[in-house]
Structure formats: structure tokens, C-alpha cells
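What follows is a short report on a single structure.
FYI, side chains are in, hydrogens and waters are out, and symmetry mates aren't considered; it's all heavy atoms of this structure.
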Amino acid sequence: MKNENEKKSITKSIKMSPQEEKQIREQAEKKNMNFSEYMLDCALHSNQGITPYMAVKMQEMVNIVNDIADSLDEKDYTRREELRQKANDFDGLVTSVSPQEKLNKLENNIGLFVEGGYEIWEFLK
């Protein structure tokens, strides 16, 4: 447990990409913490959840899967959407999403379902 009167006298620096800094800063803001407080909290309590490093690496994997899905031929619609869904499910594990954000995302993606339905309908004709 941290002593509230403990003087913070040690400064360390770390290297990170601008994207990593942005993601860490955003996570800190969500918890109403400054950057240093958040980094210390994650480092000291990393066994209690996903660390910023893990979240960044998982996000990189999600991005790669989405890129692969985007590169698939339109004829392989089912596989493409399956990959996108798996990436989306995985992404949901590392980012907390409010019910309103889920609704907004669904509204934004409803076109994919309609588009997919039209493609299936045309295929079945």
C-alpha cells in the first residue's frame, strides 16, 4: 500500500511510439489518472488485468486480422466477415465499451448486414 506522504524522488524515462503514448494517455484519462499514476498502477498491479503493453499488442493483432480480411476477394465474403467478427470479438476483450458505444457501432455497421444480405440474395437467385 502506498504511503500518501511518500516523496516521489525518482524519475525514469521510457521509449514508446506516439500511438502507444496516445493509447496509454487515453486509458489513464478513462480512469481519471495522470500518465505517471496510470503507468505505476499498471506496473504494480499488472497481474490484476490487461497492461497497456498487452492492450497495444492485442490491438496490433486485431489490426492485422482486419487488414487480412480486407485483402480477401469479395467472393470469399463469408470468410472475410468471419475474420472481421473474430477481430471485433478479440478487440472487445481489451477495450471496455459502454452500451451506447455498442449501439453506435451496431448502427454504423448495419450496412454490412444489409450488403451481405443482398449478396446472398443475388447468389441464391
Side-chain angles (χ1 to χ4, degrees):
M1 197 86 188
K2 182 182 123 179
N3 179 354
E4 293 299 322
N5 295 326
E6 182 180 8
K7 183 178 178 186
K8 295 187 178 188
S9 59
I10 298 172
T11 302
K12 295 284 185 180
S13 64
I14 58 173
K15 289 185 179 186
M16 66 186 76
S17 71
Q19 181 62 28
E20 290 169 332
E21 187 276 336
K22 179 181 180 229
Q23 288 177 321
I24 295 168
R25 184 173 25 84
E26 288 172 354
Q27 292 301 318
E29 288 171 1
K30 286 179 185 176
K31 292 189 173 193
N32 294 321
M33 300 170 98
N34 68 37
F35 189 90
S36 294
E37 290 169 335
Y38 183 75
M39 291 294 292
L40 277 172
D41 185 60
C42 289
L44 295 172
H45 304 103
S46 64
N47 62 338
Q48 296 176 5
I50 295 172
T51 66
Y53 177 78
M54 289 168 55
V56 167
K57 292 301 176 188
M58 286 188 228
Q59 185 63 54
E60 287 172 2
M61 288 175 52
V62 167
N63 293 344
I64 289 168
V65 171
N66 280 323
D67 288 344
I68 291 168
D70 291 341
S71 71
L72 290 176
D73 191 294
E74 288 183 19
K75 294 176 190 167
D76 202 359
Y77 179 82
T78 304
R79 183 71 178 142
R80 197 172 64 192
E81 291 309 308
E82 181 184 7
L83 278 172
R84 285 183 180 151
Q85 184 58 51
K86 294 291 183 189
N88 188 40
D89 291 346
F90 192 72
D91 192 33
L93 295 174
V94 295
T95 56
S96 67
V97 180
S98 72
Q100 184 62 48
E101 289 171 317
K102 287 181 184 177
L103 176 62
N104 292 345
K105 191 171 189 174
L106 177 61
E107 288 173 346
N108 290 336
N109 292 329
I110 198 72
L112 289 175
F113 295 108
V114 173
E115 176 186 324
Y118 286 140
E119 286 184 27
I120 292 169
W121 179 251
E122 290 299 317
F123 176 76
L124 294 173
K125 282 185 180 179

How many angstroms lie between atom [atom1] of [X] and atom [atom2] of [Y], to the nearest 0.5 angstrom?
| X | Y | atom1 | atom2 | value |
| --- | --- | --- | --- | --- |
| Glu60 | Gln19 | CD | CD | 9.0 Å |
| Asp70 | Leu72 | CG | CG | 8.5 Å |
| Arg80 | Lys75 | CZ | NZ | 12.5 Å |
| Gln27 | Tyr38 | CD | OH | 4.5 Å |
| Ile64 | Leu83 | CD1 | CG | 12.5 Å |
| Asn66 | Met61 | CG | CE | 12.0 Å |

Which of Gln85, Arg84, Arg79 passes side chain to side chain contact (heavy atoms under 4.5 Å, CB included) with Glu82? Answer is Arg79

Would a single hydrophobic cluster contain both Met33 and Met16, if residues Ile, Leu, Val, Met, Phe, Trp and Tyr are joined by side-chain heavy-atom contacts under 4.5 Å? yes

Heavy-atom nearest pair, Glu21 first then Phe35, reads O-CE1, 4.1 Å

- Walk me through it: do Met58 and Val62 pass the test side chain to side chain contact (heavy atoms under 4.5 Å, CB included)? CA-CA 6 Å; Met58 286 188 228; Val62 167; 5.6 Å; no

Any side-chain heavy-atom pair of [X] and [Y] under 4.5 Å:
| X | Y | value |
| --- | --- | --- |
| Lys86 | Val65 | no |
| Glu37 | Asp41 | no |
| Lys8 | Leu40 | yes |

